[in-house]
Number of protein chains: 2
Amino acid sequence: MSRGEQTRSAILDTAVELASQLGLEGLSIGALAAAAGMSKSGLIAHFGNKQELQLATLQRAQARFRASVFAPALAAPRGLPRLEALLARWLDWLMSADLPGGCVMLGAATEYDDRPGAVRNALAGGFRELRGAIAKAVRLAVDEGHLLPQTDPWQFAFELFGIVLASAHDWRLHADARSITRARVAFARLVERHSAAHGHAERIET
Amino acid sequence: MSRGEQTRSAILDTAVELASQLGLEGLSIGALAAAAGMSKSGLIAHFGNKQELQLATLQRAQARFRASVFAPALAAPRGLPRLEALLARWLDWLMSADLPGGCVMLGAATEYDDRPGAVRNALAGGFRELRGAIAKAVRLAVDEGHLLPQTDPWQFAFELFGIVLASAHDWRLHADARSITRARVAFARLVERHSAAHGHAERIET
DNA sequence: AGCATAATAGTACGAACGTTCGTATTTCGC
DNA sequence: GCGAAATACGAACGTTCGTACTATTATGCT
């Protein structure tokens with residue numbers, strides 16, 4: 001890795017951290033340059049313009065998410081264990097201390113949902129890919145016999161996503177640690193509802 | 001209503017519309033003045049400074065939400081009908097065409113969740129109040145016998161909130177109309193899970 | 001070691017930001 | 001109808017924004 005690539009990578013690390021707090025749009029070249037300890041012009045030379053910087057920052061954040069959340073989940077055995085690992089890692093990711101301003105993608109989602117362009121496309125693509133991957137994991141859980149065959153993977157993924165969103169909201173806006181427990185309870189009930197044990201069996205105690 | 005109050009009110013209507021698209025932080029005095037057809041100085045004189053403008057805009061959006069979503073829901077009979085009305089109105093609100101940039105509160109939530117200050121406090125207070133109202137509606141549904149007594153109102157409100165968040169996300173970022181159906185399905189299952197008709201559960205009403 | 005090139009800094013630009021001030025205009029009670 | 005108060009305007013402030021262009025420094029290959 002050349003020197004330029006090194007500093008570019010270091011810049012992006014700082015950029016993700018800053019974008020976490022200020023949003024992808026609020027991330028300014030001047031503030032980033034100050035945080036990275038270099039000049040505005042020297043910094044932006046690595047990317048050309050701000051949009052390219054935003055795209056690169058988003059890609060870096062997405063790559064981190066894949067590495068911290070999805071890859072470990074894929075290491076878990078397919079089926080329910082993988083889904084559980086996914087949720088656990090995802091919650092860890094959202095509440096991690098090294099993302100001081102929350103998930104960059106979730107923040108950018110509300111920023112760019114009505115702002116057509118390359119950033120929005122990259123963002124939507126990432127979320128679509130994520131949702132598809134979840135749906136696939138659900139399908140595998142059905143194949144493994146952990147979930148009932150009539151389970152709709154997309155509906156399941158939708159509801160799981162909602163649980164995560166609500167948890168992130170409560171955690172970040174209200175600093176409510178109960179959101180973790182609530183997410184786990186909601187997930188357990190979501191699974192139970194689609195599991196073969198459903199109908200005969202136990203009740204979940206909160 | 002004096003003339004000043006009239007223009008102030010008209011400004012806030014425009015401000016809500018603009019903040020819907022640009023966010024509460026991205027809402028600039030210059031752009032708002034242009035949209036309202038008046039000068040920057042003449043506009044900001046009604047509020048003092050930008051933060052007061054943001055607070056007033058937020059309060060206006062919150063009042064609109066109460067009027068369009070919560071008040072009609074309260075008109076429905078307590079219990080399940082009220083909860084169903086709440087969800088229906090909420091989804092209408094989120095997908096309404098006159099909120100071109102999405103819900104102001106949801107947008108501001110991710111903007112200000114790590115920015116302490118008056119705006120964040122007002123925002124968090126509103127969401128707390130909303131969540132409490134939902135929990136209360138759930139409690140009433142339990143009292144009416146529509147939901148099982150062991151239902152945790154806060155857990156129920158959490159999950160309902162998650163359904164709404166996921167629906168708003170899919171609708172706004174992916175323009176996915178299926179999010180409405182998915183929200184309804186998820187809600188129906190959430191209710192079913194806590195209802196007396198649910199499989200194994202014991203009845204409370206004779 | 002020397003040199004071509006990559007990498008960073010420096011500077012300047014026009015525009016937009018929020019805010020303040022002085023002044024003109026309009027409204028409204030008397 | 002008059003005058004005080006409310007309301008709106010226009011101009012300017014200092015700052016920051018993203019970007020462009022030039023100069024300087026550092027790297028790496030032969």
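Because the structure is predicted, anything quoted here is derived from the model rather than measured.
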Checklist entry - For B:H174 and B:H169, what are the C-alpha separation, side-chain angles and deciding distance, and is it a ring pair (Phe, Tyr, Trp, His ring centres under 6.0 Å)? => result CA-CA 8 Å; B:H174 304 301; B:H169 174 94; 5.6 Å; yes
Checklist entry - Given B:L24 and B:L123, is the side-chain contact (heavy atoms from CB on, under 4.5 Å) satisfied, shown in steps? => result CA-CA 11 Å; B:L24 212 53; B:L123 199 56; 5.9 Å; no
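Rounded to whole angstrom, the span from the CG atom of A:N49 across to the P atom of D:dT19 amounts to 5 Å. Computed from coordinates, the A:L32 CG to D:dG18 P distance equals 10 Å when rounded to whole Å. Taking atom NZ of B:K50 as the reference point, atom P of C:dG18 lies 4 Å away to the nearest angstrom. Following rounding to the nearest Å, B:I11 (CD1) and D:dC9 (P) show an atom-to-atom distance of 9 Å. The CD-C1' distance, from B:Q54 to C:dC17, rounds to 13 Å in whole Å. If you take CD of B:Q6 and C1' of C:dT27, they are 12 Å apart, rounded to a whole angstrom. When the C1' atom of D:dT27 is taken as reference, atom CZ of A:R8 falls 19 Å away, rounded to whole Å. Atom CG in A:L43 sits about 13 Å away from atom P in D:dC17, given to the nearest Å.
Taking the six-membered ring where the residue is Trp, B:W90 and B:F161 present tilted rings, their angle falling between 30° and 60°.
Within 4.0 Å (heavy atoms only), B:S28 reaches sugar-phosphate atoms of the nucleic acid but no base atom. In this structure, A:S41 reaches the bases: a heavy-atom distance under 4.0 Å links it to at least one base atom across the strands shown. Contact annotation for B:L27: backbone-only contact, meaning every heavy-atom pair under 4.0 Å involves sugar-phosphate atoms and none involves a base.
If you check C:dA9, D:dT7, D:dT19 against the side chain of A:M38, the one that comes closest is C:dA9.
Taking side-chain N and O atoms only, A:T7 has no distance below 4.0 Å to OP1 or OP2 of C:dA7. Remark: B:S39 is not in phosphate contact with D:dT7, judged by side-chain N or O atoms under 4.0 Å from OP1 or OP2. A sub-4.0 Å separation between OP1 or OP2 of C:dA6 and a side-chain N or O of A:H46 is absent.
With hydrogens and angles ignored, the 3.5 Å screen pairs no side-chain donor or acceptor of A:S167 with any backbone N or O of A:V164.
Counting non-hydrogen atoms of other residues, nucleotides and ligands closer than 6.0 Å to CZ of B:R78 gives a total of 12 or fewer.
In terms of polar N and O atoms assigned as donor or acceptor, the side chain of B:K40 never comes within less than 3.5 Å of the base of D:dG10 in a complementary pairing.
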